[in-house]
Amino acid sequence: MTVIDETAIREDRLLTEPRARGIARILISEQELDGEIAAIAAELDAEYRDDQPLMIGVLTGAVVFMSNLMTAMTIPVQIDFMAISSYGAATRSSGVVRILKDLNEEIEGRRVIVVEDIVDSGLTLQYLLEMLKARQPKDIRVVALLKKDKPDAIDVQVDRVGFQIPDEFVIGYGLDYAGQYRNLPYVAVLDPSVYR
Ligand code: 5GP
């Protein structure tokens, strides 16, 4: 895991691109992302060298991480996706989520790798894991690209974190703000004037 220092300013020239409008600064560069993902891929290659794991991506934020992680791996893998949505503020504290798209594959008896974009409070992941474990996979490993440094987050299973980041709202590399910014090839912080 790499710990990101929020004071670092990276690659200002990229901020002039149209897709980067409204961005305050880059938090994690493409090079840093590539390096960490290569390291995670090598670990997964070793862990699953005698198996063919099923990678489950959580839509939509995990698509960029999932794509780059699986293509950096050299063992055969299968992939599937789930889409979930929070029930909103009223049930937020329970972490109950609604399944918008379920898996195509059965996971009973399989080795599963859950691929998450970001763990914030941990509630979404906790609920998702309970749901997946009830289907009796052989084992589950959770890989999250980002985890916020948040003392009050719940203690949920995350086996590998790419980057621990400050408790700020981030976008890019699959993560959106109001549907925008997912195609940024880095992780960035928005200018507060965009969303306040
Ligand atoms: P949690 O249940 O852990 O609080 O939240 C997890 C989900 O909230 C993530 O999968 C993501 O969709 C969303 N989320 C949490 N923090 C951020 C953030 O900083 N930026 C974006 N774009 N989404 C976030």
Side-chain angles (χ1 to χ4, degrees), residues 1-6 8 10 19-29 32-33 36 55-69 80-103 112-133 140-196:
M1 181 178 77
T2 304
V3 177
I4 295 294
D5 172 6
E6 66 181 314
R10 296 168 166 86
R19 64 182 171 178
R21 212 165 281 145
I23 286 173
R25 66 185 194 283
I26 294 172
L27 197 62
I28 311 174
S29 70
E32 289 170 308
L33 287 158
E36 191 69 42
M55 298 175 76
I56 298 178
V58 185
L59 294 172
T60 303
V63 289
V64 180
F65 176 42
M66 173 98 155
S67 305
N68 291 330
L69 179 61
D80 203 346
F81 291 96
M82 273 192 107
I84 55 182
S85 134
S86 159
Y87 273 108
T91 52
R92 178 108 183 103
S93 56
S94 70
V96 174
V97 295
R98 190 159 52 107
I99 300 178
L100 301 177
K101 185 220 165 290
D102 207 336
L103 297 172
V112 166
I113 305 171
V114 173
V115 180
E116 262 281 22
D117 49 3
I118 183 165
V119 180
D120 185 2
S121 70
L123 282 166
T124 309
L125 182 58
Q126 186 183 51
Y127 188 83
L128 183 71
L129 284 175
E130 273 171 27
M131 194 166 54
L132 293 176
K133 281 176 181 165
I140 300 186
R141 178 171 293 247
V142 180
V143 179
L145 180 65
L146 310 173
K147 188 169 193 301
K148 288 192 186 170
D149 183 15
K150 211 167 186 171
D152 58 346
I154 54 174
D155 189 18
V156 65
Q157 177 194 346
V158 186
D159 301 285
R160 181 62 157 91
V161 173
F163 300 88
Q164 179 184 295
I165 61 170
D167 187 10
E168 290 185 89
F169 189 80
V170 293
I171 42 99
Y173 213 72
L175 289 164
D176 76 314
Y177 171 69
Q180 302 291 316
Y181 300 110
R182 292 197 198 273
N183 68 320
L184 293 174
Y186 44 78
V187 175
V189 178
L190 274 181
D191 187 316
S193 66
V194 174
Y195 60 97
R196 270 191 199 142

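Excluded from the calculations below are hydrogen atoms, water molecules and symmetry mates; all remaining heavy atoms, backbone and side chain alike, are included. Note that ligands are numbered from 1 as they come in the structure, with each ligand's atoms numbered from 1 the same way.
Close contacts of ligand 1 with L175, meaning ligand atoms under 4.0 Å from a residue heavy atom, involve 21 (C), 22 (N), 23 (N). Of all atoms in ligand 1, listed by their number and element, those nearer than 4.0 Å to a heavy atom of S121 are 1 (P), 2 (O), 3 (O), 4 (O). Interface atoms of ligand 1 facing E116, defined by a heavy-atom separation under 4.0 Å, are 10 (O). Near E168, meaning under 4.0 Å from any of its heavy atoms, are these atoms of ligand 1: 19 (O). Contact atoms of ligand 1 toward T124: 1 (P), 2 (O), 5 (O), 6 (C) (distance under 4.0 Å to a heavy atom of the residue).
The backbone N or O of F163 lies less than 3.5 Å from no partner atom in the side chain of E32, so there is not a single donor-acceptor pair.
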Given side chain to side chain contact (heavy atoms under 4.5 Å, CB included), test K133 with I140 step by step and report yes or no.
-> CA-CA 8 Å; K133 281 176 181 165; I140 300 186; 3.7 Å; yes
Between L132 and L103, is a side chain to side chain contact (heavy atoms under 4.5 Å, CB included) present by the stated rule, with each step listed?
-> CA-CA 10 Å; L132 293 176; L103 297 172; 4.0 Å; yes
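Residues V143 and F65 meet the side-chain proximity criterion, which asks for heavy atoms closer than 4.5 Å. Residues I165 and I28 meet the side-chain proximity criterion, which asks for heavy atoms closer than 4.5 Å.
The shell of residues lying under 4.0 angstrom from ligand 1, judged by heavy atoms, includes G122. Proximity of Y177 to ligand 1 is not established, as no heavy-atom distance is less than 4.0 Å.
Annotation for D152: atom CG counts as buried by contact number, over 12 foreign heavy atoms lying within 6.0 Å.
Contacts between L125 and ligand 1, counted as non-hydrogen atom pairs separated by less than 4.0 Å, are absent for every part of the residue.
Scanning Q180, K148, Q126 for the heavy atom closest to atom 17 (C) of ligand 1 points to K148.
Remark: E36 engages R160 in a salt bridge, criterion side-chain N to carboxylate O under 4.0 Å.
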